[in-house]
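Notes for the one structure printed next.
Every number for a ligand or one of its atoms is a count from 1 in the order of the listing. Computed over heavy atoms, backbone and side chain alike; hydrogens, waters and symmetry mates excluded.
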Amino acid sequence: MNIHEYQAKEILNGYDVPVPRGRVAVTADQVERKAKMLGGRCVVKAQIYAGGRGKAGGVQVAYHPEQAHEIAKEMFGKRLVTPQTGPEGLKVRRILVEETVEVGREYYLSIALDRQSSRYCLIGSAAGGVNIEEVAASSPEKIHKLLIDPYTGLRSYQARKLAHALGLEGGVAEDCVQLILNLYRCCLDKDCSLIEINPLVVTKAGWLLALDAKINFDDNALFRHWEYHEMQDYSQMEPLEISAAKFDLAYIKLDGNIGCMVNGAGLAMATLDVLKEKGGEPANFLDVGGGATREKVAEAFRIILQDSDVKAVFVNIFGGIMRCDVIAQGIIEAASDSHCDLPIVVRMDGSQVAEGKALLEQSGLNVQCADFLGDGAEKIVTMLQQAATDAAQGQERG
Ligand code: ADP
Ligand code: MG
């Protein structure tokens with residue numbers, strides 16, 4: 001789960017990580033008032049669920065409150081496109097107004113879950129700032145990494161080693177050690193999958209400060225943090241992903257035209273692979289999970305149909321405990337409600353499979369059943385091509 005920079009900074013502040021003074025605002029008038037409170041000169045920062053804002057005009061210095069108002073008015077009106085947002089960008093609905101910091105030097109610092117070792121990894125670089133992705137690609141030796149043993153936790157000598165690798169010395173190095181230990185404490189308490197400070201700066205006056213902050217919470221731990229629910233900004237999320245989350249469905253939008261309903265992440269990946277191999281382009285990844293009910297299947301199917309990019313639907317479900325006739329009922333319910341005439345291929349296996357197939361065949365939907373994954377993927381690609389040819393011929397005639 002994502003949160004905004006200003007929320008991440010509030011959390012870090014609670015762990016004694018120094019951050020610039022700042023206030024969040026939702027209108028240009030508010031931005032102007034907060035700018036006055038900060039003494040006039042300030043940095044206006046778009047709050048979106050993506051980084052790379054600096055290079056895209058989402059972080060701008062204002063020299064007086066009226067200018068802050070002008071900048072904010074323009075930011076609120078548009079979708080900010082950064083290298084991390086995709087071409088359609090994200091709408092700016094909140095702005096952080098922050099004191100301007102005299103930056104001496106910029107560093108990169110993060111603690112991330114490393115899936116390979118199943119440990120937190122402390123990462124730092126003296127080449128922090130807006131070009132860190134390029135540094136990681138062209139000079140990986142400039143990025144220092146240190147795995148944290150979950151039994152001993154992060155030790156101060158390790159934090160010191162990193163601070164020295166960044167080239168810090170004396171009092172600032174010791175401040176950095178404290179800051180790193182505080183970050184680790186925050187990571188554990190808050191179940192973060194990532195805390196990233198880029199840039200961490202040493203100001204011209206010699207103070208250490210987190211100038212940007214990004215926190216991701218581990219979705220598997222959300223149940224023990226009731227407070228996170230209220231922190232979520234739904235305007236930053238794909239609407240269909242929000243509906244999917246309500247029904248506990250894992251939905252990820254992709255850019256093809258075949259909606260895929262699958263149970264289990266492994267089967268989902270296999271399905272996407274085989275579909276691609278047969279020349280199909282998946283429009284999404286929708287996993288209904290193990291114990292899907294008729295309602296859940298129907299909701300999943302509705303979500304797929306709401307995506308206007310979807311021109312055909314491929315269902316690949318391994319029943320096992322789930323009964324195939326129940327799955328079929330869910331599909332028929334949702335497809336009939338939405339008056340769906342798109343090509344559908346259902347490949348399912350498990351208990352009551354014959355009953356399930358019979359229900360689908362009698363349903364009057366534009367549906368075909370398949371026995372194997374490869375066979376199903378081929379069928380849906382063919383049906384989609386056929387539908388496109390029919391539409392073209394219809395247009396010629398009409
Ligand atoms: P992003 O990572 O999305 O580009 P940042 O918050 O890192 O956004 O800001 C981009 C750059 O803007 C930073 O690297 C820093 O140089 C500058 N910056 C950000 N906040 C401030 C601030 N409060 N004072 C001065 N400069 C800032
Ligand atoms: Mg940044």
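- Listed here is the closest heavy atom pair of Cys369 and Leu360: SG-CD1, 4.0 Å.
- Counting non-hydrogen atoms of other residues, nucleotides and ligands closer than 6.0 Å to CD of Glu238 gives a total above 12.
- Geometry at the Mg ion (ligand 2): O/Asn198 and OD2/Asp212 form an angle of 100°, nearest 10 degrees.
- Side-chain contact between Met1 and Asp218 is absent, with no heavy-atom pair separated by less than 4.5 Å.
- Membership of the apolar cluster around Leu267 extends to Val262, Phe318, as traced through chained side-chain contacts below 4.5 Å between ILVMFWY residues.
- Contact check on Asp375 versus Arg347 returns no salt bridge, with no Lys/Arg side-chain nitrogen under 4.0 Å from an Asp/Glu carboxylate oxygen.
- Contact shell of ligand 1 (protein heavy atoms, cutoff 4.0 Å): Val43, Lys45, Gly51, Gly52, Arg53, Gly54, Val59, Glu98, Glu99, Thr100, Val101, Glu106, Val130, Asn198, Pro199, Leu211, Asp212.
- At a threshold of 4.0 Å, the pair Asp233-Arg93 does not count as salt-bridged, since none of the basic side-chain nitrogens sits closer than that to a carboxylate oxygen.
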